[in-house]
Amino acid sequence: MWLPIFGLIIGIILGISFAFPLPAIYAEYLSIAVLAGLDSILGGWRAGLEGKFKSEILLSGFFINAAIAALLAYLGDLLGLDLYLAAVIVFGLRIFNNISSIRRGLIERYLHRKKQQAIAETSVKDQQE
Amino acid sequence: MQKFFKKIKISYRQLPLVFVFIAFGYLLVAQINTQSALSGSLEAQTIDNLSIIAINLSQNNQQLENELYSLQSNLTSVQEKVNSGSSLATSVESNINHLSAAIGTKAVQGKGISITITTDSNLLYYDLIDLVNELFVTGAEAVSINDVRITGNTLISEVYDIDHYTIIINGAPLLSPVVIKAIGDPATLVKGLTYSGGIIDNLNILYQVYPVIKQQDLVEIPAARLDVFTYAKPIVDNKKSE
């Protein structure tokens, strides 16, 4: 668990120390890429809770989703369509879905653990009696 | 390497995760930086803020224009002063030139006449004085005798030896032929000398001196030597300077 946080801190430090001035017109594309990245990470977490986590899928999903989201927003600008908004809505929905799944997974895990503890305690009491 | 990872409880499977998080952190900071830079830009300002900025800018602009105007008027007045100063200098210079020509400290040239008197004549020093006076009276502006400029301080005198008579000009003997040059209206100058009963007539008839007079388009008269005034000081006209 501590390893991703460590990676995030390193990334933040890199971003602060090697800040690159991004032209204003690309800010929109970067924001959608960040949103896509967040979605991929939450999806990975969810998959981990569900026991289906594969690092290759996270790695490819993170970069390809971010790139395609930015590209889609750019394409929307070229065509005069607000594909940016479509991407925001889709990723927003997916992020909320992922978060609710994670929440459910975490709670279920917690409850399951508590249940097992209770069972273990009762079995210990039975043995003592 | 594998041992190192095992020691710190990291499997190869977790490395992509770290990589993804590094990239995500970097992108996140970049986006936050960009957004905070954008929020400070004019596009992100509200209409109220923009109108305040516009009012401030126009006030600043007005102030700067006023300043520019006053500086330009300053510049104009300074230039006028410089111009008047330079015109004063020019007029002073032309005055000095005029005065120099008048007192003979500058060489001059112009239309005039030359009077040549050959060696074998009974020319006396006061004949020369008469000639020079007559030339000045008839409007000569500059006169020289054998290239000695005649000024207020020119001395024309004579020296007698046992059997020799020499005319002296400014302390130097006058050698023949004597050439007198004068700048002025040639016709007037000639008339002033040659009217009947005039100075040339007298020289011809009474003393057998026969000067040859020529009208010339260009007469050059050299500068006189500059006298140093030790005792004489100009009187300053205080009323004028006030």
Side-chain angles (χ1 to χ4, degrees), chain A residues 1-45 47-48 51-67 69-70 73 88 91 95, chain B residues 1-69 71:
Chain A
M1 185 63 197
W2 61 270
L3 209 60
I5 293 168
F6 179 69
L8 190 68
I9 289 167
I10 288 180
I12 287 169
I13 289 168
L14 281 177
I16 289 167
S17 25
F18 302 104
F20 60 96
L22 195 76
I25 47 167
Y26 298 129
E28 205 171 73
Y29 309 144
L30 184 61
S31 66
I32 202 76
V34 170
L35 201 66
L38 185 66
D39 170 57
S40 292
I41 286 168
L42 291 175
W45 192 356
K52 296 187 283 187
F53 177 76
K54 277 182 182 165
S55 59
E56 295 83 3
I57 290 175
L58 174 67
L59 196 64
S60 59
F62 179 83
F63 288 105
I64 290 171
N65 276 3
V88 168
F91 284 123
I95 285 169
Chain B
M1 198 73 175
Q2 274 181 334
K3 276 182 185 173
F4 173 73
F5 282 131
K6 266 185 185 172
K7 209 174 182 183
I8 57 170
K9 292 176 184 170
I10 292 176
S11 68
Y12 275 119
R13 287 170 56 84
Q14 282 177 306
L15 280 180
L17 203 63
V18 178
F19 193 57
V20 162
F21 270 84
I22 289 173
F24 180 69
Y26 187 75
L27 284 180
L28 198 66
V29 171
Q31 175 58 18
I32 288 167
N33 280 345
T34 310
Q35 204 54 40
S36 62
L38 277 181
S39 65
S41 68
L42 284 178
E43 285 95 339
Q45 301 297 325
T46 61
I47 290 172
D48 287 346
N49 278 350
L50 283 175
S51 62
I52 288 168
I53 290 169
I55 288 166
N56 282 343
L57 281 176
S58 79
Q59 279 175 351
N60 271 353
N61 187 31
Q62 189 64 40
Q63 274 180 358
L64 287 173
E65 270 178 9
N66 287 344
E67 206 174 319
L68 180 67
Y69 178 74
L71 286 174

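Chain letters run A, B, ... following the sequence lines, proteins first, then strands; residues in each count from 1. All values below were derived from every heavy atom in this structure, side-chain atoms included, with hydrogens, water molecules and symmetry-related copies excluded.
Both the backbone and the side chain of B:V18 come within contact range of chain A, judged by heavy atoms closer than 4.5 Å. Heavy atoms of A:I9 lying under 4.5 Å from chain B are absent altogether. For chain B, no part of A:Y26 is nearby; none of its heavy atoms comes within less than 4.5 Å. Using a 4.5 Å cut-off between heavy atoms, A:L8 touches chain B through backbone and side chain atoms alike.
Of the residues considered (B:L27, B:V20, B:I32), B:V20 shows the highest number of contacts with chain A, using heavy-atom pairs under 4.5 Å.
Between B:F24 and A:V34 there is a side-chain heavy-atom pair separated by less than 4.5 Å. Between A:I10 and B:F21 there is no side-chain heavy-atom pair separated by less than 4.5 Å.
Here the CG atom belonging to B:N33 is positioned 10.0 Å from the CG atom belonging to A:L30, to the nearest 0.5 angstrom. How far OG of A:S17 is from OH of B:Y26: 8.5 Å, rounded to the nearest 0.5 Å.
Atom CG of B:L64 sits in a crowded spot, with more than 12 heavy atoms from other residues, nucleotides or ligands closer than 6.0 Å. The 12-atom threshold is not exceeded at CZ of B:F19, counting heavy atoms of other residues, nucleotides or ligands nearer than 6.0 Å.
Taking both residues in full, the closest heavy atoms of B:Q31 and A:S31 are given as NE2-CB, 3.1 Å, listed atom of the first, atom of the second, then distance.
Screening A:L59, A:L58, A:I41 for a side chain to side chain contact (heavy atoms under 4.5 Å, CB included) involving B:L17 leaves a single residue, A:L58.
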